[in-house]
Amino acid sequence: MAISNKVIITCAVTGAIHTPSMSPHLPVSPEEIAEAAIGAAEAGAAIVHLHARDPITGKPDQTPEGFEPFLKVVKQRSDCVINITTGGAPWMKVEERIKPAAVYKPEVASLNMGSFNFGLFPMLDRFKEFKHDWEREALESSRDLIFRNTFKDIEYALRSLGEAETRFEFECYDTGHLYNLHYFLQRGLVKPPLFIQTVFGILGGIGPHPEDVLHMKRTADRLFGDQYKWSVLGAGRNQMPIAAMAAAMGGNVRVGLEDSLWIGPGQLAKTNAQQVSRARQIIEGLGLEIATAQEAREILALKG
Ligand SMILES: C[C@H](N)CC(=O)CC(=O)O
Ligand SMILES: [Zn+2]
């Protein structure tokens, strides 16, 4: 199979949205995050998307120091592509959010392509008991939360990280975010191939319906033609259905406990690798092949 047709699996191992009380399987400590990333890579993920947390409370930690312990171990034990978050947690300021990527100069960093309401509070219907106060506070305060990513913030991140040849996973939660990316392409602030991660099913962004997936794909095709590599992530129970749809349409996929705690209806995933294996089964079931980390580097023109 031509390398360009191979499917890149990204695994987002812990994130900042889900909290420790929601699942005993959510990686929190640096050791757990490192093992989760390495396990995901061994299961077939070419790229691992990483956030850091306070080892005790699990609260999102966006200090470079928070990333150091697990980055070292992942680099020692795996050749997977490392993607460091610049989203951090949606209540953080952009200056704080881009620091780890600015320090570690990864091959890939996430970049959120617009400001929007980031509704986490619906998870309060599902999860009632919390060990730590910050968990409930984070969900409740999201009723009045804007995930800020202004044109100035985005340009600041592009200029700060672009110098180190870090390339981006452009998180697009709605159609307007694709147009924002197109604006930066026209200004020459981003270079093809653009790795576009279309995000479905987060309250405040576009929904998880097949029509929404088609709409984002058609819009990206019209705006970027062959200058982009399409990837999808579905939040929560939408993760695997959206991965299957996109793989069948020639897209790449993102899974991981950052985006969904589940492996089936009411069934918590025990590991990130479990979700990677499930996505791989779906992809290979379609007669497709997954890309290795080296192939992903070639497809996405990464610095290696
Ligand atoms: C929906 C995901 N949490 C998107 C994300 O991963 C954002 C980031 O880290 O920059
Ligand atoms: Zn993330």
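Note that the coordinates shown come from a computational prediction; the quantities given were computed from them, not determined experimentally.
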*Quick check, are the ring centers of Phe67 and Phe70 under 6.0 angstrom apart?*
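Yes; Phe70 has its ring centre under 6.0 Å from that of Phe67.
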
*Under the 4.5 Å side-chain heavy-atom rule for ILVMFWY, direct or indirect, which residues accompany Ile146?*
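Hydrophobic cluster check, Ile146: no partners found.
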
*To which residues is Leu302 joined in a hydrophobic cluster, defined by side-chain heavy-atom contacts under 4.5 Å among Ile, Leu, Val, Met, Phe, Trp and Tyr, whether direct or through other members?*
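Under the 4.5 Å side-chain rule, Leu302 groups with Ile3, Ile8, Ile47, Val81, Val108, Phe195, Ile299, Leu300.
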
_Could you check whether any side-chain N or O of Ser142 sits under 3.5 Å from a backbone N or O of Leu139, counting only pairs where one atom can act as donor and the other as acceptor?_
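Yes, the answer is positive, given that a donor and an acceptor are paired below the 3.5 Å cut-off.
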
Salt bridge [X]-[Y], side-chain N to carboxylate O under 4.0 Å:
X	Y	result
Glu163	Arg159	no
Glu107	Arg297	yes
Arg187	Glu155	yes
Glu95	Lys99	no

*Nearest non-hydrogen partners of Leu257 and Pro27, listed with the distance*: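 Heavy-atom minimum between the residues: CD2-CD, 4.2 Å.
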
*Evaluate the criterion side-chain hydrogen bond (donor to acceptor under 3.5 Å, both in side chains) for residue pair His18 and Glu258; output intermediate values, then yes/no.*
CA-CA 7 Å; His18 293 132; Glu258 168 167 350; over 6 Å; no

_salt bridge (Lys or Arg N to Asp or Glu O under 4.0 Å) between Arg254 and Glu171, worked out_ = CA-CA 11 Å; Arg254 178 171 134 166; Glu171 318 275 0; 3.5 Å; yes

_Filter on salt bridge (charged side-chain N to carboxylate O under 4.0 Å, His left out), then keep only pairs touching residues 17-45, sequence neighbours left out; what's left?_
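Every salt bridge (charged side-chain N to carboxylate O under 4.0 Å, His left out) pair that includes a residue of residues 17-45, provided the two are not neighbours, is Glu35-Arg77.
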
